[in-house]
2 protein chains.
Amino acid sequence: MTGNAKPRAVEKPAGGKTRIQMENETRILGAALDIFSESGFHGATLDRIASQASMSKPNLLYYFRNKEEIHVALLTGLLDVWLAPLREIRPDGNPVDEIGSYIRRKLESSRSFPRESRLFANEILAGAPHIGDFLQTELRQLVEEKAAILQGWIDDGRMATCDPRHLLFAIWSTTQHYADFSVQVRHVLGLDPGDKSYYDEAANMLETLFLGQLISVN
Amino acid sequence: MTGNAKPRAVEKPAGGKTRIQMENETRILGAALDIFSESGFHGATLDRIASQASMSKPNLLYYFRNKEEIHVALLTGLLDVWLAPLREIRPDGNPVDEIGSYIRRKLESSRSFPRESRLFANEILAGAPHIGDFLQTELRQLVEEKAAILQGWIDDGRMATCDPRHLLFAIWSTTQHYADFSVQVRHVLGLDPGDKSYYDEAANMLETLFLGQLISVN
DNA sequence: GTCTATAATACGATAGAC
DNA sequence: GTCTATCGTATTATAGAC
């Protein structure tokens with residue numbers, strides 16, 4: 001022994017976690033996202049999550065106290081990413097640019113993070129037992145803020161009269177649909193699993209729907 | 001004994017089921033719809049379904065072989081109701097009337113059958129293990145048929161150029177959203193549980209979105 | 001930190017009396 | 001047809017060696 005009892009800063013940084021701890025937690029969360037988003041909370045088992053993470057079940061439970069803690073960690077970690085596209089809407093822009101780019105960001109989010117979208121959808125469908133608070137406070141406040149921006153454009157005559165909160169619902173539902181209901185989309189279009197070519201068609205559709213005029217007056 | 005051995009037609013009709021059988025199956029299916037739509041297939045337990053049906057668990061399993069059989073019975077019974085609004089679209093109508101009334105029927109279906117909508121959503125999210133065939137055959141064929149009608153209107157210059165199948169996806173997602181994500185809708189709008197007043201606002205929004213022009217060109 | 005073994009329980013399903 | 005009792009298994013979680 002060379003007589004150095006000082007804890008090594010590299011392995012135990014002020015944050016509190018060693019490198020191996022962070023790596024394993026990341027691996028577990030990735031595996032859990034696979035399984036939870038595929039099967040829902042009750043359909044997922046610790047066995048499958050552990051297997052997906054190439055880890056024994058007791059070892060997995062060394063990092064997370066129980067199944068629910070993994071689920072909550074995924075959900076709370078997801079929320080900031082989830083709100084990012086909406087946060088970017090700026091009051092000093094114009095409706096076409098701001099709403100158009102918001103839709104593109106949201107659709108891109110569905111394309112890039114379908115597992116996260118399905119995890120969120122499962123949670124809402126189950127009655128939002130873990131994120132009810134978030135929905136009633138943080139999300140509601142953000143929606144009020146952005147809806148006020150849209151309402152300003154309506155008052156200026158730059159948009160049709162409508163409830164801007166429901167416009168946001170329409171954007172959420174149409175974009176998230178391509179992640180959450182991707183199985184149905186592919187089956188109806190006759191596409192192979194993993195084929196995501198429909199996202200380009202979706203982008204065109206949503207641009208026509210939200211930014212153009214869909215039906216001619218005749 | 002009065003010596004009449006003939007089976008009683010009232011209790012054993014040609015269909016094959018007695019009155020009490022039909023009543024109990026109906027009660028079980030209603031209870032199962034409550035529980036499955038609230039908790040998903042794996043989150044639901046036979047105990048809760050039996051309790052909701054005011055019936056013992058073994059008695060419940062006298063009418064259905066197992067849990068999955070109840071689930072399948074609900075899903076298959078749902079599919080015709082599910083497609084009814086789409087079937088009604090007529091080629092000899094005009095875009096505004098046909099699409100407008102389709103949206104109203106679909107939204108009314110969400111308002112009246114939110115449990116069925118959530119059951120369907122849970123099934124799709126889980127990868128459609130039981131209705132994958134239906135999606136690839138019956139639903140796909142119906143979509144092709146109705147998309148052809150919409151394409152005709154596009155070719156006639158009565159609608160903007162777009163992929164009509166994706167227009168149907170947009171109608172499905174926006175209308176079903178109010179049933180499937182009702183918890184989020186209520187939390188964001190600050191409504192009490194059970195308050196469905198948002199459906200009228202939704203109807204206005206969807207009419208503006210699909211039938212009017214949302215954003216002015218300026 | 002990781003493992004094997006196992007405890008504890010929740011749940012689907014069945015047996016058998018009535 | 002309905003019940004009580006119970007079996008068998010899947011699954012969450014822990015104990016304790018290394």
Side-chain angles (χ1 to χ4, degrees), chain A residues 7-8 10-13 15-36 38-75 122 126 129-130, chain B residues 7-8 10-13 15-36 38-75 122 126 129-130:
Chain A
R8 282 163 294 181
V10 171
E11 285 193 356
K12 285 206 175 281
K17 292 190 176 158
T18 66
R19 182 181 51 81
I20 196 165
Q21 276 177 330
M22 291 194 302
E23 279 178 8
N24 278 336
E25 287 186 10
T26 303
R27 218 164 82 235
I28 292 168
L29 289 176
L33 182 54
D34 287 339
I35 306 300
F36 279 133
E38 193 178 298
S39 308
F41 180 78
H42 293 285
T45 70
L46 291 179
D47 267 317
R48 283 173 64 211
I49 296 174
S51 165
Q52 182 80 6
S54 308
M55 192 178 289
S56 73
K57 192 163 49 170
N59 198 18
L60 185 154
L61 287 165
Y62 170 81
Y63 290 98
F64 292 90
R65 220 188 303 276
N66 52 42
K67 183 179 169 180
E68 191 172 12
E69 198 172 271
I70 308 177
H71 193 243
V72 170
L74 280 175
L75 279 173
N122 264 310
H130 298 119
Chain B
R8 283 163 292 181
V10 172
E11 286 191 356
K12 285 205 176 282
K17 291 189 178 158
T18 67
R19 181 182 53 81
I20 197 166
Q21 277 176 331
M22 291 195 300
E23 278 179 7
N24 278 337
E25 287 186 9
T26 304
R27 216 163 84 235
I28 291 169
L29 289 175
L33 181 54
D34 287 339
I35 306 300
F36 279 133
E38 193 179 297
S39 307
F41 180 79
H42 294 284
T45 69
L46 291 179
D47 269 315
R48 283 173 65 212
I49 295 174
S51 165
Q52 182 80 4
S54 308
M55 192 178 287
S56 72
K57 190 164 51 169
N59 199 18
L60 185 155
L61 287 166
Y62 170 80
Y63 290 98
F64 293 89
R65 220 187 303 276
N66 52 41
K67 184 180 171 181
E68 192 172 12
E69 197 172 271
I70 308 177
H71 194 243
V72 170
L74 280 175
L75 278 173
N122 265 310
H130 297 117

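Quick note on labels: first sequence line is chain A, next is B, and so on, each numbered from 1.
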Undergrad: Grab the CD-C1' distance between B/E69 and C/dT14 for me, whole Å please.
TA: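 Spelled out: CD on B/E69 to C1' on C/dT14 is 15 Å.
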
Undergrad: Between A/E69 (side chain only) and A/R65 (backbone N and O only), is there a donor and an acceptor less than 3.5 Å apart?
TA: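 Yes; judged by distance alone, with no hydrogens or angles, the pair exists.
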
Undergrad: Taking side chain as C-beta onward, heavy atoms only, is B/E25 less than 4.5 Å from B/F64?
TA: yes

Undergrad: Got A/H42 and B/F41 here, is their nearest side-chain heavy-atom distance under 4.5 Å?
TA: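 Result no, sub-4.5 Å side-chain heavy-atom pair not found.
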
Undergrad: A/S56 side chain N/O closer than 4.0 Å to the phosphate oxygens (OP1, OP2) of C/dG1?
TA: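 So the side-chain polar atoms of A/S56 never come under 4.0 Å of the phosphate oxygens OP1 or OP2 of C/dG1.
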
Undergrad: Roughly how many Å is it from CE in A/M22 to P in C/dG1, rounded to a whole number?
TA: 11 Å

Undergrad: Between A/N59 and C/dC3, does any side-chain N or O lie under 4.0 Å from OP1 or OP2?
TA: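 Yes, because at least one side-chain N or O of A/N59 sits under 4.0 Å from OP1 or OP2 of C/dC3.
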
Undergrad: Just the atom pairs and distances: protein N or O near nucleotides 16-18 of chain D's N or O, under 3.5 Å.
TA:
none

Undergrad: Dump every N/O contact between nucleotides 8-12 of chain C and the protein below 3.5 Å, one line per pair.
TA:
| unit_1 | atom_1 | unit_2 | atom_2 | d |
| --- | --- | --- | --- | --- |
| C/dG12 | OP1 | B/A44 | O | 3.4 |
| C/dG12 | OP1 | B/K67 | NZ | 3.0 |
| C/dG12 | OP2 | B/L46 | N | 2.8 |
| C/dG12 | N7 | B/K57 | NZ | 3.2 |

Undergrad: Calculate, to the nearest 0.5 Å, the distance between atoms CD1 and CG belonging to B/I28 and B/L60 respectively.
TA: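 Nearest 0.5 Å value for the CD1-CG distance: 4.5 Å.
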
Undergrad: State whether B/Y62 places a side-chain N or O below 4.0 Å from either non-bridging phosphate oxygen (OP1 or OP2) of D/dG1.
TA: yes

Undergrad: Please examine the side chains of A/E38 and A/Q52, heavy atoms only from C-beta on, and report whether any two atoms are closer than 4.5 Å.
TA: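 Sidechains of A/E38 and A/Q52: no contact.
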
Undergrad: Is it true that a side-chain atom of B/S51 and a backbone atom of B/D47 form a donor plus acceptor pair closer than 3.5 Å?
TA: no

Undergrad: Checking side chain to side chain contact (heavy atoms under 4.5 Å, CB included) between B/F36 and each of B/L29, B/I49, B/N122, which is the one that passes?
TA: B/I49

Undergrad: Whole angstrom is fine here: how far is it from CG in B/N24 over to P in D/dG1?
TA: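 That distance rounds to 8 Å.
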
Undergrad: Would you call A/R27 and A/E23 a salt bridge, taking side-chain N to carboxylate O under 4.0 Å as the test?
TA: no

